[in-house]
Amino acid sequence: MSEHYVKVKIHVEQMKSFGEDAEKQGVDAEEEEEEQVAVSSSPPASVSPDPPSITIAGRDVSNTFKHRGKSRIKMGKDDKNICGKHSLDVSLHGGRNVNKLGHERTLHIKGTGKILQGKNNENNGVSMRPSKNIQEARREDGFKLARKRRPVTVDTSKAKTSLEALKLSIRQLKWKEFPLGRRAPCDIYWHGVSFHDNENIVSGQVNKFPGMIEMLRKINLSRAVRTMQELFPEEYDFYPRSWILPEECQQFSTQIRMVKENDASVNPTFIVKPDGGSQGDGIYLIRDPSDLKLMVGSQAKQAVVQEYIQRPLLIDKLKFDIRLYVLLKSLEPLEIYIAKEGLTRFCTEPYQEPSQKNLSHVFMHLTNYSLNVHSGNFVHSSSQSTGSKRSLSSVLYRLAAKGVDIKKVWSDIIALVIKTTIAVVPELRVYYQAEIPPGKPGPTCFQILGFDILLMKNLKPVLLEVNSNPSMRIEHEQEMAPGVFEYVPSPVDEEVKVGVIRDTLRLMDPGHKRTSISNLRAGGLDHGEEIPMEAEPQDRSPDEGALPSLCLKQVYPKYTKQFNYLRLVERIAALFIRFLGVKGNMRLGPTAFRTFIRTCKLSNSNFSMASVDILYIDITRRWSGTMADSREAGMGLQAFVEAFFYLAGRRFKSQPLREQVASLLELCEAQLETPPLGGEERRSVSCSRALPRSIRTQTLPHPQLSSPGPLRRAASQDYRLHQRLKPRSLRANLEN
C-alpha cells in the first residue's frame with residue numbers, strides 16, 4: 001500500500017484567482033509552514049470552501065490516483081483546522097512539494113515526472129482554469145465539511161407519540177437532538193399534532209403544514225375530492241360516493257329511496273364516519289337512511305356517509321387495508337414522496353358480506369388497528385408476514401405468487417396518492433399564505449401523511465381516508481395478565497416507521513435542501529423535469545455512508561407529465577390568493593370579488609356588476625351556513641371555486657365543464673399579465689397579490705400594492721357594500 005501514496009507539500013499566500021492549475025517542470029523548493037494529512041487515492045478531496053485555501057481536485061492528480069488503486073478518503077481528526085489555514089502542506093507518501101513565491105503553488109507527483117504549478121498571470125505563468133464540474137464538486141465538498149463541523153439540530157420537545165422512532169432516527173443520522181427545546185433556533189422542529197404546537201418559530205423547518213388537520217377532516221377531504229370529480233370524473237373514481245351530514249341528509253334519503261324503488265333487489269350498505277373522528281371511534285354501518293344518528297345531545301352531528309365497499313380483496317378470509325406513508329416535501333414546487341414499504345392491518349373476524357345481522361360486527365368490517373387490537377383473535381407476531389399487522393411487501397409478494405400483476409397495483413396506488421394530494425393542495429396554499437405571508441419570516445414546512453387504502457376484489461385501490469397525524473408508535477399494547485396491559489416492541493412497526501422518519505429527515509437535511517433550492521432557482525422547473533433525489537450516494541454527507549438507500553420514492557414532479565393537467569383548481573386558488581389583499585386573510589370580501597371581476601373583464605351588458613354582487617351574496621351565505629366553525633366573514637376558497645365554475649359556464653356554454661374552467665383560467669391569466677392602465681385599473685389591482693411562479697407567468701407588481709392606504713379603503717368599502725347589499729329576498733335567476 002505504501003506505493004499508493006505520494007508526498008505533496010503545498011504553500012499558498014495571497015492568492016487572487018481560486019483553483020487555477022498549471023503544468024510546469026523544474027521549480028525550486030522553499031518550505032515554510034506544514035500540516036500533513038494522510039489522503040488515500042480515490043475521489044478528489046475538497047480541503048476548504050474558503051477562497052484562500054486549495055482544493056486538491058485535478059485531472060492529473062485523480063488520474064494518477066486511479067492508476068494506483070481505489071480506496072476511500074480518510075479525513076484526519078484535525079480536518080477542521082485544515083479548512084481555516086492559508087498555508088497548507090498535504091503529504092502523500094512517496095513524493096515532495098516545492099513552493100516558490102507567495103503567488104505560486106506546485107504539486108510534484110513521484111513516478112509521473114510532472115510538477116503541477118499554479119501561478120498568477122502577473123508572474124507570466126501558464127494558467128489553466130478547472131472545469132465547471134470540478135468547481136461545483138469542490139463547492140459541494142465544502143458544504144459536506146461544513147455539515148460535518150456542525151450537526152443538524154432537531155427540536156423534539158413537541159414530538160409526543162412519535163418520540164421513540166424519532167430518537168432512533170436521529171441517532172442513526174448522528175444528528176443532535178434537543179428534547180427540551182432550546183433558545184437558539186434549530187434546523188428542524190418535530191411537532192406531534194399541528195403546525196401551532198410551537199408558535200414562536202421564525203426559521204428552520206417544521207414537520208406540519210398549517211391547515212393540514214382542517215383540510216384532511218372527513219368533510220373537507222370529501223368536498224375537495226368532489227370538486228375534482230366534477231372536473232375529472234373518470235380520474236377520481238377511486239373515492240366512494242359521499243354525502244355530507246347534516247346538510248345533505250335530505251338529499252341522501254331521497255336518492256336511496258329512489259334507488260330502492262327502481263330495483264327492489266338492491267339493498268346497498270353505507271358507512272358513517274364522524275367528521276373529526278379517529279382510530280375508528282364513532283364509525284357505524286347502516287342500510288337505511290332512517291338509521292342515521294344525526295344528533296349528539298342538542299347539536300347536529302357533523303359526519304360523512306359513504307357507500308360501503310362490499311367486495312374487498314381477502315387474505316386468509318380476512319378483510320385488510322393498507323397504511324401507506326406519504327411525504328409532502330413542499331408545496332412550491334410541489335414534491336411528493338411515497339414510502340416503498342407500508343403496513344397492512346387485518347380484521348380479526350372472517351369477512352362476510354354485510355347483512356342486517358352482522359352490521360354491528362366491527363371486527364369483521366372495520367380494519368382500524370385501534371379497534372381490532374382489543375379483539376381476542378388479534379395476533380401479535382414478530383414476523384412481518386404473519387399476524388394481524390404485516391408489512392405491505394409481504395402481502396404483495398403473496399399476491400404475486402398467485403399471479404397478480406403487482407406492478408399494475410402499485411402504479412394505481414401511486415396515481416391515487418398523487419391525485420388526492422393535488423385535490424387538497426389548493427386549500428393548503430390558502431392556509432399557508434395566511435400563516436406565513438410572503439415576505440414574513442417563518443419556517444418552511446413538510447409533513448408525513450398516512451393514506452388508508454382498500455383493495456377491491458378486482459384489485460382496484462379505493463381511498464378510505466388520509467390521516468394528518470398517522471401513528472408513529474413502534475411498540476404495541478399487549479395484555480400481559482388479565483386486565484394488565486404493557487407496551488412491548490413491535491418489529492414490523494419499527495422497521496417501517498423508523499425508516500420513514502429517518503429518510504424524511506435525510507431529505508429535509510438543510511445542506512441537501514439548500515443545494516436543491518439553488519438549482520431550482522437557477523434553472524427553473526420545467527413541467528416533466530425530474531428533480532433528482534437529494535440523497536443519492538454521491539451527495540451523501542460522510543456520516544451517511546453506512547445508511548441504507550432511501551425508502552422514500554419521489555413520484556412528483558417525477559410524473560408531472562402524466563398528472564399536471566389535473567391542477568386546474570390550484571390555478572383558481574392562485575387567482576383567489578392574488579385578490580385576497582390583506583396579508584393573513586383567508587376570505588374574499590365583496591369589493592375584492594368585484595375587483596376580480598373587473599380586472600379580468602368578466603362583466604358585460606348581460607352580466608352587470610349588480611348581478612356580480614348578488615352572485616357573491618348568494619354563494620357566500622350558502623357556504624357560511626355549511627361552515628360551522630367559520631371565524632371570518634366573506635367568500636372562502638371553496639365558495640370562490642363554485643362561483644368560478646358558474647362564471648365559466650356562463651362564458652363558455654357549449655363546452656364541457658373541464659374545458660369551460662380551463663378557458664376561463666386562460667382568459668383571466670391573460671388579463672392579469674397585461675400591465676394596468678389608467679386610475680381605475682390601478683385601483684382595482686391595489687388589493688391583489690402576485691400569482692405563484694409555478695402556476696402562471698410572473699407579472700411585475702404595481703409599486704402601490706404594498707401601501708396601506710388602498711387596503712384600508714378596500715376594507716371600508718367591503719363593510720359599506722355589505723350594509724348596502726342586504727336584500728330581503730335573493731333573486732334565484734341571475735341571468736336577468
Side-chain angles (χ1 to χ4, degrees), residues 215 220-244 331 333-334 336 411-412 414-430 460-463 527-528 555-557 559-579 588 593 596-597 600-602 604 606-607 615 619 622-623 635-673 691-692 694-697 734-735:
M215 194 56 227
N220 286 335
L221 177 62
S222 297
R223 282 177 173 151
V225 175
R226 181 185 295 180
T227 298
M228 300 302 293
Q229 287 175 335
E230 291 184 52
L231 294 171
F232 309 98
E234 295 181 357
E235 287 86 341
Y236 281 83
D237 62 349
F238 56 81
Y239 193 68
R241 190 178 181 186
S242 306
W243 295 264
I244 296 170
L331 291 180
L334 181 60
I336 308 169
S411 175
D412 291 343
I414 290 176
L416 179 151
V417 168
I418 295 175
K419 292 173 182 177
T420 304
T421 306
I422 288 175
V424 302
V425 160
E427 194 87 37
L428 285 178
R429 287 186 179 276
V430 177
K460 177 183 177 180
V462 174
L463 178 65
H527 293 308
V555 296
Y556 201 93
Y559 300 122
T560 296
K561 291 182 179 179
Q562 293 92 319
F563 298 100
N564 200 51
Y565 72 98
L566 299 173
R567 300 177 70 178
L568 288 181
V569 180
E570 199 170 342
R571 292 166 63 188
I572 298 176
L575 292 173
F576 177 79
I577 292 172
R578 178 182 178 118
F579 288 94
L588 210 63
F593 187 70
F596 159 69
I597 297 292
C600 296
K601 299 181 180 179
L602 301 182
N604 51 41
N606 295 325
F607 188 64
L615 174 65
I619 293 180
R622 180 152 33 83
W623 276 94
M635 176 181 283
L637 176 62
Q638 293 173 337
F640 182 78
V641 170
E642 180 182 333
F644 197 89
F645 284 9
Y646 172 81
L647 295 170
R650 282 184 55 91
R651 190 90 177 194
F652 307 98
K653 297 181 180 180
S654 61
Q655 301 177 5
L657 177 61
R658 169 181 163 184
E659 296 180 10
Q660 291 175 350
V661 171
S663 299
L664 186 59
L665 276 169
E666 292 175 1
L667 175 63
C668 293
E669 291 166 355
Q671 292 295 336
L672 291 173
E673 288 174 1
L691 293 175
S694 65
I695 305 300
R696 51 167 287 279
T697 304
L734 300 178
E735 301 288 336

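Since we're looking at a predicted model, the values are computed, not measured.
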Show the nearest heavy-atom pair for residues [X] and [Y], with the distance to one decimal.
X	Y	result
A648	L664	N-CD2, 3.5 Å
P461	L416	O-CD1, 3.9 Å
M215	L428	CB-CD2, 4.2 Å
A423	P426	O-CD, 3.5 Å
Y565	F232	O-CZ, 3.6 Å
I422	M228	CG2-CE, 4.4 Å

Qualifying residues under side-chain hydrogen bond (donor to acceptor under 3.5 Å, both in side chains), relative to R241, sequence neighbours excluded: Q255
Gap between atom [atom2] of [Y] and atom [atom1] of [X] - 0.5 Å precision:
X	Y	atom1	atom2	result
I619	F645	CD1	CZ	11.5 Å
K419	F238	NZ	CZ	6.5 Å
E570	N564	CD	CG	8.5 Å
Q660	S654	CD	OG	8.0 Å
E642	R223	CD	CZ	10.5 Å
T421	F563	OG1	CZ	10.5 Å

Verify, without hydrogens or angle tests, whether [X] (side chain) and [Y] (backbone) share a donor-acceptor contact under 3.5 angstrom.
X	Y	result
T560	Y556	no
K601	Q671	no
R571	L665	no

Stepwise salt bridge (Lys or Arg N to Asp or Glu O under 4.0 Å) test for R658 and E230: CA-CA 8 Å; R658 169 181 163 184; E230 291 184 52; over 6 Å; no
Residue pair L566, E235: steps toward the side chain to side chain contact (heavy atoms under 4.5 Å, CB included) verdict: CA-CA 9 Å; L566 299 173; E235 287 86 341; 4.3 Å; yes
Residues that F640 engages under ring-ring contact (aromatic ring centres under 6.0 Å, His included), provided they are two or more places apart: F576, F596
Salt bridge (Lys or Arg N to Asp or Glu O under 4.0 Å) involving R651 - partner list, sequence neighbours excluded: none
Any donor-acceptor N or O pair under 3.5 Å, side chains T227, Q638: no
Y236-T420 side chain donor-acceptor pair, cut-off 3.5 Å: no
Verdict with supporting geometry, V661 and F652, side chain to side chain contact (heavy atoms under 4.5 Å, CB included): CA-CA 9 Å; V661 171; F652 307 98; over 6 Å; no
Audit row: Q229, D237, side chain to side chain contact (heavy atoms under 4.5 Å, CB included) steps and yes/no: CA-CA 7 Å; Q229 287 175 335; D237 62 349; over 6 Å; no
Evaluation steps, side chain to side chain contact (heavy atoms under 4.5 Å, CB included), between C668 and L602: CA-CA 8 Å; C668 293; L602 301 182; 4.2 Å; yes
